[in-house]
Amino acid sequence: MERAIPLGHLAGVRITMSWVVPVVAFFYALTLAQGALPNAVPGEPGASYWIGGALGAGLFFLSLLAHEMGHALVGRHEGIGVRGITLTLLGGYTQFDTEPETPGAELRVSGVGPVTNFVLAGVFYVCSTAVGGDVGLLAVIGEMFAWLAFVNLLLAAINMLPGAPLDGGAVLGAVVWMLTRDRTRSQTITAVIGLALGAAIAGWGALMLFDRGNEIGIWFVLVGLFIVANARTRMRSASAVGALRDTRVGDVMVADPPVVPEWSTLADIVARAAAWQPHTAFPVQAVDGRITGLLTAELVLAVDPGDWASVRASDVAWPLDRVPTASVEEPVLTALQRSDAAAVDRILIVWPDGRVAGVSGRDAASRALERAPARSR
């Protein structure tokens, strides 16, 4: 999301868009102003068609935003942190801190997007009948609303197709997960279906484009190829992601890291580093026993060795509020998802009572995957 164009916040959710969105919006406006609207309401001034085209393109992307806001708000209601929404070439996506923890939560978070588009299709249809006329700007606006109703209905229908990475694939996956209690199997099944659906959609688009000369076929080809690429990635990663879900972060942490007082100098810590191997990150403790930060080897090495004798641990340690934390019982996948946007490349692992249990790095995934064969035996 860092490369996206920021648009602000809505209901506390950060909204951004890809640089290509304005280009696509202009393409939709052009298509409406020079194709769909003149064909439906001929003989009107060009300005009327461009007003309808610009308004239609804008409302189309607002429809996509409403779809993603549905995911974001329901996800937040389910207790899932929301990092933001990004509008893209083919729609948009909502970035969550973690994945849903239960099949029911997955079902609700995924299903609300298409439902939103179904509702919008009805709203735009009502607007088209209320505003539309036989001639004039209102007739053009009425046709624009009718186009939006059709497009939202199409978006809802496509998104409910039961294959990854579509919302319908997630809904089917939630049902399979609920029935089999095997999330990895559900991911594999929906990925296979997604491959077939994507290939069919791309093939249909190619047929429309080359056999019938319908330019809208390009859109179906792009959507189909997008579905195929994402479904293939999900299928290949299913077993690895399953291993990360099934492994507790407490099983891959470096346990019992030495705790250093805030007033310890870096020289004192470096002098003990050899004896403290393999630890490279140390919780920093205040005089009252509270853990206030995390000192990593990288932070120490960033300080001039000539200053080590005068620089204290508390001077350079990451403050605790910037250090990702996780319970020993959390899945590795959840801990890594919540920490991947943090500046600190360590995770502080704690016992249920809040005591420090260990430290894990970004190598937690590789450690979990190394354990996977042994666990399966």
Side-chain angles (χ1 to χ4, degrees), residues 67-68 70-82 91 93-119 153 155-201 223-224 226-249 251 326-327 329-338 365 368-369 371-377:
H67 175 110
E68 297 302 330
H71 290 313
L73 295 178
V74 173
R76 191 161 65 186
H77 179 74
E78 296 290 340
I80 307 170
V82 181
Y93 62 88
T94 303
Q95 189 175 18
F96 293 106
D97 284 341
T98 60
E99 60 185 4
E101 294 184 357
T102 66
E106 178 74 89
L107 188 65
R108 290 184 288 273
V109 172
S110 302
V112 70
V115 169
T116 300
N117 287 120
F118 274 123
V119 171
L153 192 62
L155 285 173
I158 291 178
N159 266 291
M160 278 308 295
L161 291 175
L166 301 171
D167 292 332
V171 169
L172 174 62
V175 173
V176 174
W177 178 16
M178 194 179 301
L179 295 176
T180 66
R181 299 186 179 181
D182 188 338
R183 193 169 194 173
T184 301
R185 178 183 296 179
S186 72
Q187 181 177 339
T188 302
I189 290 172
T190 56
V192 171
I193 296 174
L195 282 173
L197 284 175
I201 292 172
V223 170
F226 170 79
I227 293 172
V228 167
N230 278 270
R232 181 181 300 165
T233 298
R234 292 181 183 225
M235 187 168 63
R236 289 177 176 175
S237 66
S239 60
V241 171
L244 299 185
R245 289 192 188 107
D246 295 339
T247 304
R248 302 183 318 150
V249 71
D251 294 332
S327 165
E329 298 296 332
E330 281 192 44
V332 171
L333 180 63
T334 301
L336 290 177
Q337 286 176 331
R338 283 198 290 103
L369 295 178
R371 291 174 53 88
R375 189 172 58 252
S376 63
R377 290 196 297 268

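Keep in mind it's a predicted model, so treat the numbers as computed, not measured.
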If you compare all heavy atoms of [X] against all heavy atoms of [Y], which two are closest, and at what distance to 0.1 Å?
{"X": "V82", "Y": "A72", "answer": "CG2-O, 3.5 Å"}
{"X": "A335", "Y": "V249", "answer": "CB-CG2, 4.2 Å"}
{"X": "T94", "Y": "E68", "answer": "OG1-OE1, 2.7 Å"}
{"X": "T247", "Y": "D251", "answer": "CG2-CB, 4.3 Å"}
{"X": "A156", "Y": "N117", "answer": "CB-CB, 3.8 Å"}
{"X": "A368", "Y": "L244", "answer": "CB-CD2, 3.6 Å"}

- Task: Indicate yes or no for a side-chain donor-acceptor contact from S237 to the backbone of R234 under 3.5 Å, with no hydrogens or angles considered.
- Result: yes
Tabulate below the donor-acceptor pairs under 3.5 Å that side-chain atoms of residues 158-176 make, not counting sequence neighbours, or state none.
from	atom 1	to	atom 2	distance (Å)
N159	ND2	L155	O	3.0
D167	OD1	H71	NE2	3.4
D167	OD2	H67	NE2	2.9
D167	OD2	H71	NE2	3.2

Decide yes or no for [X] and [Y]: does some side-chain heavy atom of the first lie under 4.5 Å from some side-chain heavy atom of the second?
{"X": "R108", "Y": "P100", "result": "no"}
{"X": "S186", "Y": "R183", "result": "yes"}
{"X": "D182", "Y": "W177", "result": "no"}

- Message: Please check if the number of heavy atoms outside R185 that lie under 6.0 Å from its CZ is greater than 12.
- Response: no
- Chi angles and distances behind the side-chain hydrogen bond (donor to acceptor under 3.5 Å, both in side chains) call for T98, Q337: CA-CA 6 Å; T98 60; Q337 286 176 331; 5.0 Å; no
- Residues in salt bridge (Lys or Arg N to Asp or Glu O under 4.0 Å) contact with R338, at least two apart in sequence or another chain: E330
- Task: Could you tell me which residues satisfy side-chain contact (heavy atoms from CB on, under 4.5 Å) with R232, sequence neighbours excluded, listed by chain and number?
- Result: L195, V228, R236
- Task: Report the distance from atom CD of E99 to atom CD of E106, rounding to the nearest 0.5 Å.
- Result: 7.5 Å
